[in-house]
Amino acid sequence: MAKLQPVRGTRDITGEEARRQRYVVDVFRRVAEAYGFDEIATPIFEFTEVFKRTLGETSDVVAKEMYTFTDRSGDEITLRPEYTAGIARAWMTQGLAQQGVAKLYGWGPMFRHERPQKGRYRQFSQINVEVIGAPEPAADIELIAMARQVLDDLGIADQTVLHLNTLGDPESRAAYRQALVTYLNGHRDRLSKDSQARLARNPMRILDSKDEGDRVIVAEAPKMANYLNPASREFFDTVRRGLDALGIPYREDHALVRGLDYYTHTAFEFITETLGAQGTVLGGGRYDGLMEQLGGPATPGVGWAGGIERIAMMLSALPESVRGATMVPLGAPAQEKALVLARDLRAKGLRIDTDYRGSLKKRMARANRRNARYAIIIGEEELAAGTATVRDLDSGGQTAVAFDALASHIGPQI
Ligand code: HAM
């Protein structure tokens with residue numbers, strides 16, 4: 001029997017942290033709706049093929065981080081490590097292609113068997129958006145603007161820097177890859193062990209190696225920008241012009257390659273220095289070849305995902321939450337009345353907490369602990385008089401309020 005603890009890299013989310021995460025999702029949803037996106041929720045597990053075919057066999061995620069198992073039907077299943085592949089699968093199986101460009105948003109848990117540390121978990125949550133079916137750079141621009149808007153509305157955009165790169169189209173990328181491999185092979189002996197292994201499998205990832213020695217070599221490496229064909233260059237120029245027109249600041253980052261293999265053209269990340277090692281708050285880009293890798297028709301796509309935990313950690317203060325009132329009935333008849341009154345007050349949109357047992361003192365302590373604004377006390381006397389004793393928990397003052405006047409008495413304050 002496993003120890004009675006959460007599994008390493010997983011956490012229970014309660015209280016203030018739950019409120020923070022909820023707030024991130026609320027703001028995200030509002031912005032996504034404002035941008036005309038529709039909601040999608042895909043299953044948290046898919047056939048393993050969905051991820052293997054799209055994320056790249058050599059990506060860290062597929063090579064060593066997936067939660068994969070054979071289920072009782074003998075199917076090879078993987079808990080989703082990211083959203084994009086599942087959404088692409090849904091787009092195909094739902095026949096969404098008929099509807100033209102799909103603009104989709106969603107959020108939820110993802111699973112990666114990584115080494116846990118601050119801001120890095122084995123179950124974490126993402127907010128995620130995708131635009132499928134639009135080859136135009138305007139989609140990339142608008143998606144980046146949308147990401148910036150989410151961070152702005154959460155009050156944390158200033159703590160981030162937008163890093164931008166292009167990986168070009170497959171032709172440009174292949175040309176670059178070759179130049180890079182030739183260069184890195186010349187310095188092979190001085191590369192770290194990890195990077196030497198990557199040289200054959202996934203040389204572009206060496207560009208974002210954290211190893212000091214690698215970085216010295218990478219600093220002199222050929223740059224993608226010099227290997228773009230005219231179409232890829234024009235695409236990137238349009239994206240940059242669009243961001244300039246929208247007044248969105250960015251930093252060009254030739255070493256930004258992203259961890260998943262499906263990217264083409266635009267790649268971007270919002271990075272912060274406030275979170276320590278796990279500074280990538282949100283990242284994404286274009287993935288024009290992904291749908292074909294899944295066995296579907298050639299279909300362009302672009303999107304991003306933000307880590308809810310990381311974003312939530314960056315928030316300074318949440319907007320004040322509704323404090324509400326707590327019902328404090330004393331005795332069985334009062335309890336019954338309290339149930340009815342609480343239901344009616346809630347129906348008017350008020351937040352009413354109730355308690356089920358304990359002395360007046362204990363209940364008042366609980367109401368205070370839960371930061372209620374009022375305690376609505378109902379004992380035998382109150383029942384007989386048809387009034388509740390409403391205690392203002394900030395001032396300590398008490399007022400007798402007729403049952404049917406409760407909503408108008410406390411409503412404006414909570
Ligand atoms: P990603 O860069 O792998 O991209 O993940 C996006 C964000 O998820 C990261 O920037 C980070 O904030 C968060 N994240 C990733 N792994 C962890 C973890 N182990 N613990 C906590 N947070 C984490 C994608 O997933 C792509 N599907 C994004 C995309 C959508 N590209 C196109 N469309």
Side-chain angles (χ1 to χ4, degrees), residues 8-11 13 17 21 24 28 32 37 40 42 46 50-51 54-56 59-62 64-67 79-91 102-132 134 139-140 143-144 146-147 150-151 154 156 160-163 165 167 205 208 256-272 274-291 300-314:
R8 185 163 142 79
T10 70
R11 293 163 329 123
I13 295 152
E17 189 175 5
Q21 293 198 12
V24 172
F28 165 69
F37 281 59
I40 186 169
T42 62
E46 299 271 353
V50 171
F51 304 112
T54 52
L55 311 190
S59 67
D60 283 349
V61 172
V62 171
K64 41 188 187 195
E65 295 171 2
M66 295 206 302
Y67 279 90
L79 300 185
R80 64 182 181 194
E82 58 106 57
Y83 228 140
T84 313
I87 291 175
R89 194 274 306 140
W91 186 88
K103 301 165 88 175
L104 303 166
Y105 77 91
W107 72 95
M110 308 292 151
F111 307 85
R112 295 182 191 178
H113 196 275
E114 295 192 77
R115 197 167 47 76
Q117 55 174 260
K118 182 185 168 202
R120 188 161 75 193
Y121 314 103
R122 291 182 173 172
Q123 176 174 336
F124 61 98
S125 293
Q126 287 182 342
I127 49 176
N128 185 91
V129 292
E130 313 289 352
V131 174
I132 300 179
D140 308 48
L143 274 170
I144 294 174
M146 184 176 167
V150 171
L151 299 175
L154 288 165
I156 58 172
T160 66
V161 175
L162 167 58
H163 289 237
N165 194 16
L167 302 169
R205 282 313 302 270
D208 71 354
L256 179 72
V257 289
R258 309 274 302 130
L260 307 164
D261 288 358
Y262 50 56
Y263 293 105
T264 54
H265 292 293
T266 316
F268 64 93
E269 290 182 350
F270 284 84
I271 298 177
T272 183
T274 63
L275 292 181
Q278 302 307 313
T280 305
V281 175
L282 183 154
R286 179 165 279 279
Y287 48 87
D288 289 348
L290 186 149
M291 207 67 77
V302 52
W304 54 255
I308 295 180
E309 290 81 358
R310 293 184 193 177
I311 296 173
M313 279 195 276
M314 292 172 70

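Remember, it's 1-based here, ligands and their atoms both numbered in the order they're listed. Basis for what follows: all heavy atoms, side chains included, without hydrogens, waters or symmetry-related copies.
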Measure Glu309 to ligand 1 on non-hydrogen atoms and call it side chain, backbone, both or neither using the 4.0 Å cut-off.
neither

Is the contact between Arg120 and ligand 1 made by the side chain, the backbone, both, or neither, using heavy atoms and a 4.0 Å cut-off?
both

Quick one: does ligand 1 sit under 4.0 Å from the side chain of Asn128, the backbone, both or neither, non-hydrogen atoms only?
side chain

Under the salt bridge (Lys or Arg N to Asp or Glu O under 4.0 Å) criterion, do Glu46 and Arg80 qualify, and how do the steps go?
CA-CA 7 Å; Glu46 299 271 353; Arg80 64 182 181 194; over 6 Å; no

The protein heavy atom nearest to atom 27 (N) of ligand 1 is Glu82 OE1, 2.5 Å

Compute both the distance and the angle, then confirm whether Arg11 meets the cation-pi test with Tyr121: under 6.0 Å from the six-membered ring centre, within 45 degrees of the axis.
yes

Measure the distance from atom 20 (N) of ligand 1 to every protein heavy atom, then report the residue, atom name and distance (to 0.1 Å) of the closest one.
Tyr121 N, 3.0 Å

Short version for Gln126: what comes under 4.0 Å of ligand 1, heavy atoms counted, is side chain

Just to be sure I read this right, does ligand 1 sit under 4.0 Å from the backbone of Leu260, its side chain, both, or neither, counting only heavy atoms?
side chain

Nearest-neighbour protein heavy atom for atom 33 (N) of ligand 1, which is reported as residue plus atom name and distance:
Glu130 OE1, 2.8 Å

Option set Gly303, Gly86, Ala85, criterion heavy-atom distance to atom 32 (C) of ligand 1, minimum
Gly303

Compare Gly307, Gly279, Gly119 and give the one whose heavy atom is closest to atom 21 (C) of ligand 1.
Gly119

Indicate, as side chain, backbone, both or neither, the part of Arg258 found under 4.0 angstrom from ligand 1 when only non-hydrogen atoms are considered.
side chain

For atom 15 (C) of ligand 1, state which one of Phe124, Phe270, Trp304, Tyr263 supplies the nearest heavy atom.
Phe124

